[in-house]
Amino acid sequence: MLSLHYLREHKDEALKGLAKRCNDALPKLVEEALELDRQKRQIMAEAEGQQAEINRMSKEVGEHMRAGNKDKAEQVKALVGVHKESVHELKAKLLQLDTDLNNVLYQIPNVPHDKVAKGKSADENEEVERWGDIPALGDFAEAHWDLASRYSLMDFELGVKISGAGFPVYTGKGARLQRAMIAFFLDEAQKAGYEEVMPPLLVNEDSGFGTGQLPDKEGQMYYVSEDDLYLIPTAEVPITNMFRDIIVDGHDFPIKRCGYTPCFRREAGSYGKDVRGLNRLHQFDKVELVEIAHPDHSYEVLDRMVAHVASLLQKLELPYRILRLCGGDMGFTAAMTYDFEVYSTAQKRWLEVSSVSNFENFQSNRLHCRFRREGEKKTELVHTLNGSALALPRVLAALLENHQDENGISIPEALRPYTGFDRID
RNA sequence: GGAGAGGUGGCCGAGCGGUUUAAGGCGCACGCCUGGAAAGCGUGUUUCCCCGAGAGGGGAUCAAGGGUUCGAAUCCCUUCCUCUCCGCCA
């Protein structure tokens with residue numbers, strides 16, 4: 001969530017930025033939050049004054065008792081009651097205000113960065129880079145789901161039988177290819193300085209809250225009510241939460257983590273031709289990058305992450321474009337997001353394979369992840385970033401479709417050491 | 001799942017109703033000492049919030065929440081977590 005400090009001191013800047021999200025409700029919410037904050041601080045000051053009085057008097061009682069002055073002690077005791085009552089009342093009010101304030105704050109998304117364009121929907125995203133030639137395939141070109149069954153790489157029906165739609169079974173070279181990509185992505189991340197971690201796949205409520213999936217988007221996550229745990233929708237949740245309630249040492253920057261995990265998404269109600277095959281699944285594999293950054297350098301970090309993801313797609317020889325999302329298309333917690341899309345030749349459409357975002361201090365405010373500037377006494381919120389590098393299913397889809405020829409599918413050079421084969425046929 | 005033990009500051013560890021504004025130690029920072037260092041000595045060292053230009057002042061914080069009391073780390077209730085043993089188990 002946004003920090004109240006920031007809202008208080010940079011209200012105009014916040015409103016101007018938020019306007020880019022094209023959501024008319026936001027200015028009112030900001031005003032509401034500031035008003036509740038004002039009331040809260042006023043009442044807080046009152047309650048603390050009363051409490052100070054009680055503390056002072058209690059100390060006095062102690063002194064009288066020690067001096068053996070019982071009457072004096074009783075006299076003071078009798079006077080405390082009034083203050084106690086008013087503290088009680090003020091505290092109740094405070095609790096209510098706090099709840100109201102949080103409810104409002106939870107509805108205010110992150111303020112988009114200066115560079116982010118105003119816009120309502122995906123149509124207004126800006127293309128910032130394009131790489132690679134879209135291969136001209138002949139009439140033989142097939143979509144990945146057809147290729148998958150022709151070469152026995154996946155079995156969607158089998159997945160339906162075991163679990164349901166959206167849970168494919170990878171078989172033979174399909175399974176091997178999957179494993180190869182995971183290893184390849186992890187190795188590349190490691191070369192780029194990211195430390196590998198293997199986090200839990202189920203997380204508690206605090207963690208879901210820390211990265212912003214809760215309280216609003218619990219419908220997206222599978223929930224195990226028996227144990228009050230959520231299946232992770234992305235490794236971002238457990239990995240970023242490793243830094244919850246922590247004051248990091250400023251010398252530790254840059255803090256770079258990567259991890260492979262399966263991801264689980266309910267994706268309720270989304271069925272149709274656009275979600276055929278590997279395009280949208282309930283369970284999929286992903287290698288994720290997470291970085292905890294110094295606020296002064298987080299946009300350099302973002303650029304480096306983008307460059308890293310680009311290098312992966314280049315090594316896989318997949319044509320891609322990079323979009324800087326407009327205000328309206330950006331996620332709730334992000335200040336700037338770059339989406340990577342690869343062109344799927346057989347489906348004749350762009351598929352999103354990565355999303356790289358700077359959350360600035362929106363997540364760290366909830367996570368309470370802070371650091372101290374050299375020589376400063378006060379702590380300051382860190383910036384958090386993450387990016388997929390990469391999400392496997394759509395990369396696999398594009399790989400199969402773009403690298404096919406009449407007789408099979410060729411594996412990109414970079415992956416061959418991992419697959420152990422250079423063609424599927 | 002059953003039984004027991006326990007959660008105190010960056011860490012270890014005392015405290016079990018009012019000189020605790022949390023002892024003592026370790027660590028860390030700064031200073032003195034030194035040719036330089038170690039040792040020694042001295043000072044400082046939880047975090048969050050509020051008021052204040054600042055100096056400073058105030059509040060909260062001994063797992064969390066509630067209660068008793070003039071006053072709670074300390075007593076009572078509830079919840080959570082950790083550890084040990086047993087059972088089950090890849």
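As the structure is a computational prediction, the values presented were derived from the model and not from experiment. Below, chain A is the first sequence line, B the second, and so on; all start at residue 1.
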Which listed nucleotide (A60(B), G58(B), C49(B)) is nearest to the side chain of Lys378(A)? C49(B)
Roughly how many Å is it from CG in Asp245(A) to C1' in C48(B), rounded to a whole number? 12 Å
Does a nitrogen or oxygen in the side chain of Arg372(A) sit under 4.0 Å from OP1 or OP2 of U47(B)? yes
Taking NZ from Lys70(A) and P from G18(B), how many angstroms apart are they, rounded to a whole number? 16 Å
Is Lys173(A) close enough and on-axis enough to Phe421(A), meaning under 6.0 Å and within 45°, for cation-pi? yes
Applying the 3.5 Å cut-off to both distances, the Watson-Crick or G-U partner of A5(B) turns out to be U82(B)
4.5 Å side-chain heavy-atom contact, Leu94(A) and Met44(A): yes
As its Watson-Crick or G-U partner within any shown strand, both distances under 3.5 Å, G42(B) has C30(B)
Check whether any side-chain N or O of Arg21(A) sits under 3.5 Å from a backbone N or O of Asn110(A) as a donor-acceptor pair, and report yes or no. yes
Rounding to a whole Å, what distance do you find between Asn204(A):CG and A64(B):P? 17 Å
Is Arg179(A) close enough and on-axis enough to Tyr418(A), meaning under 6.0 Å and within 45°, for cation-pi? no
Taking the nucleotide of RNA chain B with the nearest heavy atom to each, does Lys77(A) or Gly62(A) sit closer to the 5' end? Gly62(A)
Write down the distance separating the P atoms in C30(B) and A39(B), rounded off to the nearest Å. 15 Å
Ile247(A), nearest nucleotide to its side chain (from U47(B), C70(B), G67(B)): U47(B)
Using atom P of each nucleotide, how far apart are U61(B) and G67(B) to the nearest Å? 13 Å
Nearest to the side chain of Gln51(A) - C70(B), G67(B), G59(B)? G59(B)
Can you check the Glu63(A) CD to G71(B) P distance for me, whole Å? 16 Å
Say you pick atom P in G24(B) and the same atom in U79(B); how far apart are they, in whole Å? 38 Å
If I pick the C1' atom on U78(B) and the same atom on C89(B), what distance separates them, to the nearest angstrom? 32 Å
Check this one for me: any side-chain N or O of Ser58(A) less than 4.0 Å away from OP1 or OP2 of U69(B)? no
Whichever of Ala78(A) and Leu95(A) has its nearest RNA chain B nucleotide further upstream toward 5': Leu95(A)
At under 4.0 Å, does any side-chain N or O of Arg41(A) touch on OP1 or OP2 of C49(B)? no
Under a 3.5 Å limit on both distances, the Watson-Crick or wobble mate of A90(B) is none
Greater than 12 external heavy atoms within 6.0 Å of Glu63(A)'s CD: yes
When the C1' atoms of A23(B) and C62(B) are considered, how many whole Å apart are they? 14 Å
With sugar-phosphate meaning primed atoms plus P, OP1 and OP2, does Arg8(A) contact a base, only sugar-phosphate, or nothing at under 4.0 Å between heavy atoms? sugar-phosphate
Please report the distance separating the P of G7(B) from the corresponding atom of G58(B), rounded so that it comes out in whole Å. 32 Å
Side-chain donor-acceptor contact under 3.5 Å, Tyr151(A) with Asp425(A): no
Counting only Watson-Crick or G-U wobble pairs whose two distances fall under 3.5 Å, which nucleotide matches U69(B)? none
For nucleotides A14(B) and U20(B), find the distance between their C1' atoms and express it as a whole number of Å. 12 Å
Who is the Watson-Crick or G-U wobble partner of U61(B), with both distances under 3.5 Å? none
Atom CD of Glu205(A) to atom P of A64(B): distance rounded to whole Å? 18 Å
Just checking Arg370(A): base, sugar-phosphate only, or nothing, at a heavy-atom cut-off of under 4.0 Å? sugar-phosphate
Send over the distance from Met44(A) CE to C50(B) P, rounded to a whole Å. 7 Å
Is it true that Glu60(A) and Arg56(A) make a salt bridge, defined as a side-chain N closer than 4.0 Å to a carboxylate O? yes
G66(B) to G56(B) separation - P atoms, rounded to the nearest Å: 33 Å
Can you measure Glu46(A) atom CD to A60(B) atom P for me and round it to whole angstrom units? 16 Å
With respect to the phosphate group of G58(B), does any side-chain polar atom (N or O) of Asn55(A) fall under 4.0 Å of OP1 or OP2? no
Could you tell me whether Met57(A) contacts a base, only the sugar-phosphate backbone, or nothing, with contacts defined as non-hydrogen atoms closer than 4.0 Å? nothing
Write down the partner of A14(B) under the Watson-Crick or G-U wobble criteria, each distance required to be under 3.5 Å. none
Which of C51(B), C70(B), G59(B) is nearest the side chain of Lys84(A)? It is C70(B)
Name the nucleic acid region contacted by Val80(A), choosing base, sugar-phosphate or nothing; use a 4.0 angstrom heavy-atom cut-off, strictly under. sugar-phosphate
Determine whether any donor atom in the side chain of Glu48(A) lies under 3.5 Å from an acceptor atom in the base of G58(B), or the reverse, and answer yes or no. yes
Aromatic ring proximity Phe264(A)/His282(A), centre distance under 6.0 Å: no
Round to a whole Å and report the spacing from NE2 of His83(A) to P of G71(B). 12 Å
